[in-house]
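Just below is one structure, and these are the notes that go with it.
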Amino acid sequence: MLPRRMRLTRRTFPTAGARAASTHFSLTLAPAAPGHGGCAVVVPKKVARLSVSRHLLKRRILSVMKPWCSPDFALVVYARTGAPSLSFKDLSHELSSLLTRALHT
């Protein structure tokens, strides 16, 4: 789990910034005010109907995102349809490549 200081609230979600997408995920990355950056994951009911499934997917995504979280920027990952059916290995691979592509452009 992320430390509280690294979690974004809905208020601090970036509205503009760099966007990247893959088959099962999309993300928004924007510079943040010093000390107000962090990470967040959004898993809508349309993607995973049961709250147990949404929270499981959110925990998996956060565990992959943890090394990329920084107080210097705001990073939000949105799950897309089909993401809950991925194995953790596939989820990790797809999300890692997406994060690498987004952070190095």
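The closest donor-acceptor contact from the side chain of S63 to the backbone of R60 lies under 3.5 Å. At least one donor-acceptor pair closer than 3.5 Å links the side chain of E94 to the backbone N or O of H24. R5 places no side-chain N or O within donor-acceptor distance of the main-chain N or O of P71, the cut-off being under 3.5 Å. Of the possible donor and acceptor atoms, none in the side chain of T12 sits under 3.5 Å from a partner among the backbone N and O of L8. In this structure, R54 contributes its side chain and A48 its backbone to a donor-acceptor pair below 3.5 Å. The closest donor-acceptor contact from the side chain of R7 to the backbone of L2 lies under 3.5 Å. S96 places no side-chain N or O within donor-acceptor distance of the main-chain N or O of H93, the cut-off being under 3.5 Å.
Note that the CG atom of L62 and the CE atom of M6 stand 11.0 Å from one another [nearest 0.5 Å]. Separating the CG atom in L50 from the CG atom in L56 is a distance of 11.5 Å, to the nearest 0.5 Å. To the nearest 0.5 Å, atoms NZ (K66) and SG (C39) are separated by 11.0 Å. To the nearest 0.5 Å, the span separating CG on L75 from OG on S70 amounts to 10.0 Å. In this structure, D90 CG and L95 CG are separated by 12.0 Å, a value rounded to the nearest 0.5 Å. Once rounded to the nearest 0.5 Å, the distance linking CZ of F88 with CG of L57 reads 11.0 Å.
A21 approaches R80 most closely through the heavy-atom pair CB-NH2, 3.6 Å. Contact record, A20 with L98: CB-CD1, 3.7 Å, taken as the closest heavy-atom pair. In plain terms, the two heavy atoms of A30 and A16 that are nearest each other are CB-O, 3.3 Å. Shortest non-hydrogen contact noted between V47 and A79 is CG2-O, 3.5 Å.
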Practice problem: Begin from the C-alpha positions of V42 and V77 and carry the test side chain to side chain contact (heavy atoms under 4.5 Å, CB included) through to its verdict. | Solution: CA-CA 6 Å; V42 177; V77 172; over 6 Å; no

Practice problem: Please assess L99 against M65 for the test side chain to side chain contact (heavy atoms under 4.5 Å, CB included), listing each intermediate value before the final yes or no. | Solution: CA-CA 8 Å; L99 288 164; M65 285 176 58; 4.1 Å; yes

Exercise. Given side chain to side chain contact (heavy atoms under 4.5 Å, CB included), test Y78 with V43 step by step and report yes or no.
Key: CA-CA 6 Å; Y78 300 90; V43 182; over 6 Å; no

Exercise. Verify side chain to side chain contact (heavy atoms under 4.5 Å, CB included) between V64 and L91, making sure each step is shown before the conclusion.
Key: CA-CA 9 Å; V64 175; L91 180 142; 3.9 Å; yes

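There is no path of hydrophobic side-chain contacts, each under 4.5 Å, that joins F25 to V76.
The neighbour count for R101 CZ, taken as heavy atoms of other residues, nucleotides or ligands under 6.0 Å away, is above 12.
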